[in-house]
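Here is the structure we will look at.
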Amino acid sequence: MSFDNLRLEKGLYSTAKGFNAALEELDPSENYIGTEYEGLDAYQRQLKRFDIKVSGTGSDSISKFFQTSDSSVLFPEYISRAVQAGLETEDLLPKIVATTTDIDSLDYRSIESVPSEDDKMLKPVAQGAKIPQTVIKTKENLTRLTKRGRMLVASYEAIKFQKLDLFTITLKQIGAYIARCQFFDAVNMALESDAETVEGAGSTVSYIDLVNAWNELSPYKLTTIVASYKDICDMIDITEFKDSNAGQNFHGTGRMITPLGAEVLKCPGMEKGQILALDNSAAIEKVQAGGIITEYDKLIDRQIERAAITATAGFSMISCDAAKVIVLDS
């Protein structure tokens with residue numbers, strides 16, 4: 001079946017695999033290898049079919065999606081992709097999350113490995129002696145999932161003549177908001193976890209505080225430091241952060257480099273006096289129940305008023321030893 005005579009219906013959104021996968025199953029991209037449509041997925045071919053331009057010079061108005069009942073089915077996917085693009089642009093989670101697990105329910109129990117100090121030692125195994133064990137077990141508590149999102153409030157009559165590239169900017173802001181909230185959720189979970197604390201030397205962060213955290217993390221690596229705006233301001237004032245290379249990098253790119261090689265991330269909403277230091281390859285697991293979810297029924301039927309756009313995710317520690325919390329004097 002060619003993509004230009006597919007029958008599109010809202011039921012494609014209600015499948016467990018999701019709209020895009022369901023559409024791809026009906027119209028596999030592998031059938032277009034060697035044609036002018038190679039490189040486009042099934043949704044993008046449908047945009048071609050209905051001549052809908054969602055970006056760039058000459059982008060269409062929102063009403064173009066509603067020229068037929070078939071093309072209106074594409075509108076929720078357009079919204080989801082625009083929100084996802086904004087989320088990915090703002091997303092700092094890849095800098096602190098070791099792995100992402102997709103689930104199809106709201107109940108999830110992660111695993112953990114809690115080695116003792118003796119387990120961490122690289123001791124030789126004598127002939128006939130017992131080989132050291134790594135014990136992996138299921139966590140006692142479920143991973144708490146949190147729904148983040150925004151309610152899209154607009155009448156179809158008010159926005160139908162607006163250009164899609166302009167509307168996309170607003171949708172990307174929703175994605176950026178979700179990304180910031182999820183980053184805060186992940187950091188907050190790590191601060192409230194069983195990660196060990198490192199007592200600071202004073203009320204402001206010092207170079208020795210960071211060195212102590214780096215040392216306490218061993219054998220893990222210190223890859224990432226997350227702090228509030230005020231604590232980052234104090235870090236910038238540390239003598240070791242003021243060498244010429246660090247200064248040129250910060251002024252030129254806005255990214256801090258540290259004497260310890262860790263990347264510094266700002267977390268809005270994080271309180272001053274607690275700094276998270278971690279190994280991003282071993283510390284945190286992200287658990288998500290699907291991706292960006294839109295209320296497709298309302299959007300397809302032009303009932304845009306109060307249509308929810310959400311993403312549900314939670315976070316848990318894989319190894320508490322892979323993160324340390326520097327606690328400063330209040």
Side-chain angles (χ1 to χ4, degrees), residues 87 89-98 146 148 176-218 220-243 245-286 313-330:
L87 188 153
T89 299
E90 190 77 13
D91 197 9
L92 293 177
L93 284 176
K95 298 179 183 294
I96 64 172
V97 167
T146 303
R148 295 290 194 175
Y177 162 80
I178 294 173
R180 289 191 293 268
C181 288
Q182 289 187 343
F183 181 65
F184 176 78
D185 290 342
V187 172
N188 198 47
M189 178 281 304
L191 294 176
E192 294 177 353
S193 70
D194 294 329
E196 292 183 0
T197 60
V198 177
E199 295 297 326
S203 59
T204 59
V205 61
S206 65
Y207 183 60
I208 193 62
D209 293 335
L210 300 175
V211 172
N212 286 338
W214 168 78
N215 184 56
E216 291 293 327
L217 270 173
S218 181
Y220 296 101
K221 297 179 292 184
L222 175 56
T223 64
T224 314
I225 296 170
V226 187
S228 68
Y229 167 75
K230 292 182 178 179
D231 282 323
I232 289 178
C233 287
D234 291 336
M235 280 188 218
I236 295 175
D237 201 40
I238 296 174
T239 301
E240 287 80 3
F241 280 61
K242 292 182 177 180
D243 66 67
N245 288 333
Q248 289 175 6
N249 190 72
F250 183 68
H251 288 301
T253 67
R255 294 191 300 270
M256 292 177 61
I257 59 175
T258 70
L260 303 170
E263 183 172 9
V264 178
L265 304 177
K266 178 180 67 175
C267 181
M270 191 174 179
E271 294 184 2
K272 186 179 187 303
Q274 284 189 312
I275 298 170
L276 179 63
L278 56 85
D279 183 338
N280 63 8
S281 69
I284 299 176
E285 175 190 20
K286 177 183 179 183
F315 303 89
S316 64
M317 297 299 295
I318 300 172
S319 175
C320 287
D321 283 352
K324 303 296 177 184
V325 180
I326 302 173
V327 179
L328 307 174
D329 291 338
S330 57

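Keep in mind that this is a model prediction, so the values were computed, not measured.
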Legend entry - Interatomic spacing from CG in Leu222 to NZ in Lys324 - rounded to 0.5 Å: 11.5 Å
Inset, instruction - Indicate yes or no for a side-chain donor-acceptor contact from Thr223 to the backbone of Asn280 under 3.5 Å, with no hydrogens or angles considered. - result: yes
Legend entry - Non-neighbouring partners of Asp209 that pass side chain to side chain donor-acceptor pair (under 3.5 Å), sequence neighbours left out: Ser206
Inset, instruction - State which residues pass side chain to side chain donor-acceptor pair (under 3.5 Å) with Asn215; sequence neighbours excluded, sorted by chain then number. - result: none
Legend entry - Over 12 foreign heavy atoms within 6.0 Å of CG, Asp329: yes
Inset, instruction - Determine the minimum heavy-atom distance between Ala190 and Leu276, stating which atoms define it. - result: CB-CD2, 3.7 Å
Inset, instruction - Kindly give the heavy-atom pair with the smallest separation between Leu278 and Ala283, and that separation in Å. - result: CB-CB, 4.3 Å
Inset, instruction - Taking all heavy atoms of Leu328 and all of Gly200, pick out the closest pair and write down the distance. - result: CD2-CA, 4.1 Å
Inset, instruction - Kindly compute the distance separating CG (Asp279) from CD1 (Ile96), expressed to the nearest 0.5 Å. - result: 12.5 Å
Inset, instruction - Kindly give the heavy-atom pair with the smallest separation between Phe315 and Met189, and that separation in Å. - result: O-CG, 3.4 Å
Inset, instruction - Apply side chain to side chain contact (heavy atoms under 4.5 Å, CB included) to Glu90 and list each qualifying residue two or more places apart in sequence or on a separate chain. - result: Ala176, Ala179, Arg180
Legend entry - Reported CG-to-CD distance for the pair Asp321 and Glu216, which is rounded to 0.5 angstrom: 10.0 Å
Legend entry - Leu210 vs Ile326, side chain to side chain contact (heavy atoms under 4.5 Å, CB included): CA-CA, chis, key distance, verdict: CA-CA 8 Å; Leu210 300 175; Ile326 302 173; 3.8 Å; yes
Legend entry - Closest non-hydrogen atom pair, Lys266 against Leu92: O-CD1, 4.2 Å
Inset, instruction - For the pair Thr224 (side chain) and Leu265 (backbone), establish whether a donor and an acceptor sit closer than 3.5 Å, ignoring hydrogens and angles. - result: no
Legend entry - Interatomic distance, Asp194 atom CG to Ser319 atom OG [nearest 0.5 angstrom]: 11.5 Å
Legend entry - Minimal non-hydrogen separation, Tyr220 against Ala282, with atom names: CE2-CB, 3.7 Å
Legend entry - Any Phe183 side-chain heavy atom under 4.5 Å of Cys267 side chain: yes
Legend entry - side chain to side chain contact (heavy atoms under 4.5 Å, CB included) partners of Thr146, counting only residues at least two apart: Arg148, Asp185
Legend entry - Stepwise side chain to side chain contact (heavy atoms under 4.5 Å, CB included) check, Tyr207 with Thr239: CA-CA 8 Å; Tyr207 183 60; Thr239 301; over 6 Å; no
Inset, instruction - Would you please name every residue forming a side chain to side chain contact (heavy atoms under 4.5 Å, CB included) with Ser228, sequence neighbours left out? - result: Lys230, Asp231, Met270, Lys272
Inset, instruction - Could I get the full list of side chain to side chain contact (heavy atoms under 4.5 Å, CB included) partners for Thr197, not counting sequence neighbours? - result: Glu199, Val325, Val327
Inset, instruction - Could you tell me whether the side chain of Asp234 reaches within less than 4.5 Å of the side chain of Ile238, counting heavy atoms only? - result: no
Inset, instruction - Drop me the distance from Glu196's CD to Leu217's CG, to the nearest 0.5 angstrom. - result: 9.5 Å
